[in-house]
Structure formats: structure tokens, C-alpha cells
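Here is the structure we will look at, set down as C-alpha cells.
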Number of protein chains: 2
Amino acid sequence: MNDLVEVPNSELRMRRSTTAEQIKRLILTSGLRAGDPIPTETELCQELGVSRSSVREAIRRLATLDIVEVRHGHGTVVGQMSLAPLVETLVFRGVLSPGDDLAALREVVDMRCALDMALSDRVVSVHKGKNNPTLLDLVDRMLAHAEAERPFLIEDRQFHNELLLPVGNQLAVQLVTAFWDIHTAVLPKLDLALPSDLRQTAKAHGDLYRSAQQGDAEAYRRAVVDHYEPLLRMLRVKSRP
Amino acid sequence: MNDLVEVPNSELRMRRSTTAEQIKRLILTSGLRAGDPIPTETELCQELGVSRSSVREAIRRLATLDIVEVRHGHGTVVGQMSLAPLVETLVFRGVLSPGDDLAALREVVDMRCALDMALSDRVVSVHKGKNNPTLLDLVDRMLAHAEAERPFLIEDRQFHNELLLPVGNQLAVQLVTAFWDIHTAVLPKLDLALPSDLRQTAKAHGDLYRSAQQGDAEAYRRAVVDHYEPLLRMLRVKSRP
DNA sequence: CTTCATTTGTTCGTATGTATC
DNA sequence: CGATACATACGAACAAATGAA
């Protein structure tokens, strides 16, 4: 009965899951870069031969991955391909807390620490003997905020960003920043008392930069451990009731 | 004519960007886990008070992030929240090669190496003195394939997976696997001769496991460097014409 | 094996909000 | 201010896949 039905299925399968793929290929073959505009929805409908809704869902998919960026009333441009999707996925996994209490968050902090350790030699070598006013200023502001008993999330995030920027690996910077985002997004959603060792945390950042500037890799790695140790200890305690 | 339409605008604004958020909240408040079914599209339309198209686009977004998984003709279930979105984003960034030749791929391989180095102590400690038949078998098969001049991607991927599994950090395993996927997906799409030092690569894997088993962290780290060195060298050469 | 209900996939038409000129 | 182009949203209809009766 259905012997004669020639590949109606695979035909659809080829298209269904690949409307987004076709748009990606179009971006590649057109040599577009981040920020360049891509064809409008109606143009894509004609070029790809699919309906408006399909194009919209495909664009939604690509926008979710930050491969394109939709600007309401203006158009769609090629995106920055950031790690935003990674952040959203892992934040949700963290707040879902799959039975194992805090395991997801602990793994995120664990990886932050591991990344900092892995990059320690390079961080130290690029900052050795140099003076970075931005980092010095950030450390000062963190110390001031700590004295005033106020948090300093913005400075914290920017500090880690600036510290890794000169190593020359964009992906590394983005990964560290992404895990920072995940960490700070998940932590408040779980109703546990924040450590709030503000002074200790601010001081740890100062130690990080100072040891890097002095070219002391061992001291830098000790500062990394000090930086995460209170938080990791709290997570371990909380997760073993 | 439309004077009676009360606040259609702000109402829409509130909902527009949060249809996906509402579904996420529904998953959380319902205490659903990976694999559990979520309401059907029509049910979500009623519960959230939006059209089917909006629900579909929201679900598409969540499916892209692997927060849900859609099964045609069956329904939608909570997803695994894997790192698939990270892989797709970075693969595309890799093949887009933004002017800087091979820089994206080089950074990915660089991060693979950094992750392996960061986890070296833990890998060595969990394998020290133990016998893992799976890893031994994988090394044997890689050596056999190398002798027969055939690639062994499947064994390679599984080797790194098995090697890191016992460290107890799911995220670390997934990150390493994700970067492996990105690396092997991007490399063939750039038309450059693969190194194809099959024997050397197979031998490097044997060295990795052997040094871990013997508890020699220094030897393990040397094996990591040997494992990536040919590829990194090729990338550096190719990118500086 | 067939039939049927359920669910997702695709398409079309229409109306509305939004940004640019 | 209007005009145009674009994205956003909704609803209805039909196609395709799945699973159970």
C-alpha cells in the first residue's frame, strides 16, 4: 500500500530540521559577519520555499543560540554567538536541582576554580611587571564596598573579565564569564544564606592581581583556592545533611 | 472602533518575552524531572492564555536549549539540559572563521588542553592502581585502527569520556565531551589536511591511561601536551601565513 | 493489520505593534 | 505628522507521526 510512497518522509525530515540549517548555510555562503543584516522573514520564505511560521521558528531557534539577533521593527542581523545559551541551560539545570542537592551548582563553582587554575600560568605571565589601572581601581572599589557592607557583583564580574582579557583567548574569557553568570544567577535562587564574607572576598581579588603582577604563580594559585574555598565548603556542608 | 481594547500593549509586553519563562516556571513548580512529560501545546495555550503559535515558538526556544525535548506525534518531555546548544553555537562560530583564520578552532583546542590539565590531578588520583577494562580495550582498538590506517573517532570520544567519568563532576565530563564534539565537527569543514598521525595519537591515549594508572601526574600532563601538540602546532602554522 | 484518537508539524490569512524615514 | 517596512501575535485548517484499541 505504501510501497510507492517515495521518500515523502525523508523529504520532510530533510527540510524540517534544516530550515535553520539552511539559514545558517545562507549566512556562511553570503560571507556575513556579526552585525550584518540577513534577509527579512518574507524574503526567507521565498528563498527557502517555506511558510512564514517555519521561518519564524527557525529564526527563533538561531536567536536562542545567539547565531542571529532579532531587532523588533528593524530586522534580523547575525549575532555574536556568545555563550548565552550555555548560561540559560545551566542556570535552569542549577535551579532544577535534580534531587542531588546543590550538586549542579557545586560543579559549576568547581569548574570555575578549575578554569582559573588551568589559566594561572598564562595569567601570571601576561600581568607580570605590568600595571593595570582598571584592575587596581576595581580592587579598590571592591574593598570600599566591602567596608560599607555592600555587595560588589558588578566589580567582581568585571575583575575576572579584565584579568583574563590579555591572555588572548576569547573563548576562555567567555567561559569564565559564563560560569560566573551561572554561579551568581543560581545562588540567590536557592534560599540559603549567602556567605557574605565580603572583606575576605575583596581581599582575595587583591591577592589575585598582586601575585599575578609579581609573577608569583604559586601565590596566584593559592589566592584562587582562597577565593573559592569558603563557597565550596558551604556547598559541601549544605549538600550533606 | 478599538477604543474598548484595554491595555493590549503592556499586557503583550509582559507576556511576550516570558512565554518560555512561564513554561520553565511551570516545570519547576510541578517538580518535573528530565523525561517527565509536560502539558500538550493546546493545554499550554489554555493555561497560559496565548495562541498556539506563541506556545510553539516558546517550546522551540526551550527545545533548542535542551530544556525540553519534542517528540513528533507523542508529546513534549523535560530535556536533559545537555551542552548541545553550546556545541552548535561554537561549531558555527568555528566554521564562520571571523577573519582571523582558525582562531576560533585554536581556542577550542586550547581549552580542551587546559581542561585536561586542570583535571589532571583528579584523573590521576581516581585511576591510580585501578584497572579499567573499558579504557584498556579502547586503547587496544585505537592502536589496531591506527595500524590499519583507519581513523577511530568513536573510540577517541569514548576514551576521554570514560577517563573523566570517575572524577564525579558531570559538568566537567560534558564540557570535555562538548569541546571534543566542536573540535571534530569544525576541523573537517575547514579544508586543510588532517594531521593523521594516527599511530602517534593512539599511542598518546595509551600514555594517558598508563600514567594515570601509575599515579604519575607529571607523566600524565606530559602525555596531555603530547596529545595536543601536533594539532596545535599545525593550527599555529596555518594561521600565520 | 486496520482504525482511530491524540499530538506535533506546516501553512495560510489577518490584524497589530514598532522603528525608520 | 504620515508612509513604509518589519516583526509580533492570533486563529483556523490540514498534514504527518505515534500509540492504543
Side-chain angles (χ1 to χ4, degrees), chain A residues 1-23 26 32 35-64 66-79, chain B residues 1-23 26-27 32 35-79:
Chain A
M1 188 201 211
N2 47 8
D3 285 333
L4 295 179
V5 181
E6 292 300 313
V7 284
N9 169 3
S10 63
E11 185 85 17
L12 282 181
R13 270 192 179 281
M14 288 304 292
R15 271 210 321 250
R16 182 193 61 173
S17 225
T18 49
T19 301
E21 299 294 329
Q22 285 179 274
I23 298 177
L26 191 144
L32 300 181
D36 292 344
I38 70 173
T40 66
E41 291 184 353
T42 46
E43 286 172 335
L44 287 174
C45 292
Q46 298 166 354
E47 295 184 25
L48 305 182
V50 293
S51 77
R52 186 84 177 278
S53 307
S54 299
V55 168
R56 279 186 59 76
E57 286 185 354
I59 288 184
R60 264 286 195 269
R61 174 180 168 76
L62 297 181
T64 301
D66 203 12
I67 288 177
V68 304
E69 179 186 341
V70 179
R71 296 175 184 171
H72 191 155
H74 176 259
T76 305
V77 300
V78 177
Chain B
M1 191 198 222
N2 47 8
D3 285 332
L4 296 180
V5 181
E6 294 295 317
V7 281
N9 172 4
S10 63
E11 186 85 16
L12 283 181
R13 263 194 180 283
M14 289 303 293
R15 278 207 312 245
R16 184 191 57 174
S17 220
T18 50
T19 301
E21 298 295 329
Q22 286 180 271
I23 297 177
L26 191 144
I27 293 174
L32 300 181
D36 292 344
I38 72 173
T40 66
E41 292 181 352
T42 47
E43 286 172 336
L44 286 174
C45 293
Q46 298 167 353
E47 296 183 26
L48 305 182
V50 294
S51 75
R52 183 156 172 239
S53 308
S54 301
V55 168
R56 281 187 57 78
E57 285 186 354
I59 287 184
R60 256 297 190 263
R61 174 179 169 75
L62 297 181
T64 301
L65 297 173
D66 202 12
I67 289 176
V68 303
E69 179 187 340
V70 180
R71 297 174 185 171
H72 189 164
H74 178 258
T76 305
V77 300
V78 178

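First the proteins, then the strands, lettered A, B, ... as listed; each starts at 1. Below, all heavy atoms of this structure are taken into account, side chains as well, without hydrogens, waters or symmetry copies. Quick caveat: nothing in here was measured; it's all calculated off a predicted structure.
Distance, Ile59(A) CD1 to dC6(D) P: 12 Å, rounded to whole Å. Across the protein-nucleic acid pair, Glu43(A) atom CD and dA5(D) atom P stand 12 Å apart, rounded to whole Å. To the nearest angstrom, P of dG9(C) lies 12 Å from CD of Glu69(B). Summarising the geometry, the separation between CD on Glu57(A) and C1' on dA9(D) is reported as 13 Å, rounded to the nearest angstrom. His72(A) has its NE2 atom 9 Å from the P atom of dA7(D), to the nearest Å. Taking atom CD of residue Gln46(B) and atom P of nucleotide dG11(D), one finds them 12 Å apart after rounding to whole Å. Rounded to whole Å, atom P of dT8(C) lies 14 Å from atom CG of Leu62(B).
Where Gly73(A) and Gly75(B) each meet DNA chain C at their nearest nucleotide, the meeting point lying more 5' is that of Gly75(B). Comparing Arg71(A) and Ser51(B), the nucleotide of DNA chain D nearest to each residue sits closer to the 5' end for Arg71(A).
Comparing dT10(C), dA9(D), dT8(C) by their closest approach to the side chain of Ser54(A) singles out dT10(C). Considering only the side chain of Glu41(A), dT8(D) comes nearest among dG9(C), dT8(D), dC10(D). Considering only the side chain of Thr40(B), dT8(C) comes nearest among dC6(D), dT8(C), dT8(D). Residue Arg56(B) places its side chain closer to dG9(C) than to any other of dG11(D), dT18(C), dG9(C). Picking from dT20(C), dG17(C), dG9(C) the nucleotide with the shortest atom distance to the side chain of His74(A) gives dT20(C).
With sequence neighbours left out, Thr76(A) forms a side-chain hydrogen bond (donor to acceptor under 3.5 Å, both in side chains) with no residue at all. In this view, Arg52(B) and Glu41(B) satisfy the side-chain hydrogen bond (donor to acceptor under 3.5 Å, both in side chains) rule, not counting sequence neighbours.
Using a 4.0 Å heavy-atom distance criterion, Thr42(B) is classed as making no nucleic acid contact. Using a 4.0 Å heavy-atom cutoff across all strands shown, Ser53(B) reaches at least one base atom of the nucleic acid.
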side-chain contact (heavy atoms from CB on, under 4.5 Å) for Glu47(B) and Leu26(B)? Distances and angles first, verdict last.
CA-CA 10 Å; Glu47(B) 296 183 26; Leu26(B) 191 144; 3.5 Å; yes
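Looking at Arg52(B), its side chain comes within 3.5 Å of the base of dG9(C) through a donor and an acceptor atom.
Rounding to the nearest 0.5 Å places CZ of Arg60(B) at 12.0 Å from OG of Ser53(B).
Checked against Ile59(A) for a side-chain contact (heavy atoms from CB on, under 4.5 Å), the options Thr64(A), Ile67(A), Ile23(A), Thr19(A) give a single hit: Ile23(A).
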